[in-house]
Every structure is written in C-alpha cells, then in structure tokens.
Amino acid sequence: NTKMPIKKKSSTIPFGYKVDEENPKLLVEVEEELQALENIIPMVVSKSLSLREGALWLSYKTGRSISHQGLKNIIKQHDSRTTD
C-alpha cells in the first residue's frame, strides 16, 4: 500500500512526509505521522482538544515538532479537501 512520492515544492517538509532518501526532490509519506494526524484532527475539529493540545500530542506521539498554527493549517487544508 505504498503511495506515489510527491514532488518537493519548498524547503519546508510537510508534517506526515519526509525527503525520499533515493531522490531528494521527492517526498514520501511517514505513515505514523499521517495516522496520528488522522486520529487528532477529529478531536480538534469537535473541540475536544485545543489546537495547542493537539499539536503537543502530535509532537509527543511522533517525535516531530508541529506548532498549533501548523496544525491549524493542516486542518484547514483537510477541510477544504473533504468539502470539495
């Protein structure tokens, strides 16, 4: 169930992705990070958790730091994808 790598568009690596070791111009999914995001987004959207709590939980769970603003941007993107 491996997905196609995506092209790296900027120097910022999105949460849930890492630079492909074979081709630094591509990004590959980090399943653990994407799964953690899928778990936390509904809790933040339903207001069970604040953005800051969600970001802290993600950082703790994955070992990769993410700000509350970064999480907010991901949720905003996620919402626009699901409503289109």
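Sequence positions, counted from 1, serve as the residue numbers for this chain.
- Here the straight-line distance linking atom CG of Leu56 with atom NE2 of His68 works out to 10.5 Å at 0.5 Å rounding.
- If you take NZ on Lys72 and CG on Leu51, they are separated by 7.0 Å, rounding to the nearest 0.5 Å.
- For the atom pair CG (Asn39) and NZ (Lys61), the distance works out to 7.5 Å, reported to the nearest 0.5 Å.
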(request) Decide yes or no on side-chain contact (heavy atoms from CB on, under 4.5 Å) for Lys7 and Leu26, but give the supporting numbers first. (result) CA-CA 5 Å; Lys7 261 191 178 161; Leu26 296 176; 4.2 Å; yes
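- Of all heavy-atom pairs between Ala55 and Leu71, the closest is N-CD2, 3.5 Å.
- Across Gly70 and Ser67, no two heavy atoms sit closer than the pair N-OG, 2.9 Å.
- Panel note: side chain Glu53, backbone Ser50; a donor-acceptor pair is recorded below 3.5 Å.
- One finds the CG atom of Asp20 at 11.0 Å from the CD1 atom of Ile6 (value rounded to the nearest 0.5 Å).
- The salt bridge (Lys or Arg N to Asp or Glu O under 4.0 Å) test applied to Arg52 returns no partner, not counting sequence neighbours.
- Contact of the Lys18 side chain with the Arg64 side chain is not registered, since no non-hydrogen atoms from C-beta on lie closer than 4.5 Å.
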(request) Dump the intermediate steps for side-chain contact (heavy atoms from CB on, under 4.5 Å) on Val30 and Thr62, then the final yes or no. (result) CA-CA 10 Å; Val30 178; Thr62 64; over 6 Å; no
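- Here the shortest heavy-atom pairing between Pro14 and Leu27 reads CD-CD1, 3.6 Å.
- From Leu37, atom CG reaches atom CZ of Phe15 across 5.0 Å, with rounding to the nearest 0.5 Å.
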(message) Please evaluate residues Trp57 and Ile40 with respect to the criterion side-chain contact (heavy atoms from CB on, under 4.5 Å), reporting the C-alpha separation (whole Å), side-chain torsions for both, the decisive distance (0.1 Å), and the verdict.
(response) CA-CA 8 Å; Trp57 183 87; Ile40 210 73; 3.3 Å; yes
(request) Applying side-chain contact (heavy atoms from CB on, under 4.5 Å), run through Ile66 and Ile74 and close with a yes or a no. (result) CA-CA 10 Å; Ile66 183 169; Ile74 290 170; 3.7 Å; yes
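- Remark: the backbone N or O of Ser59 is not paired with any side-chain donor or acceptor of Ser65 at under 3.5 angstrom.
- Lys9 NZ to Lys25 NZ: the interatomic distance, rounded to the nearest 0.5 Å, is 15.5 Å.
- Both Val45 and Met43 belong to a single network of hydrophobic side chains, linked directly or stepwise wherever heavy atoms of I, L, V, M, F, W or Y lie under 4.5 Å apart.
- If you check the side chains of Gln69 and Asn73, you find a donor sitting under 3.5 Å from an acceptor.
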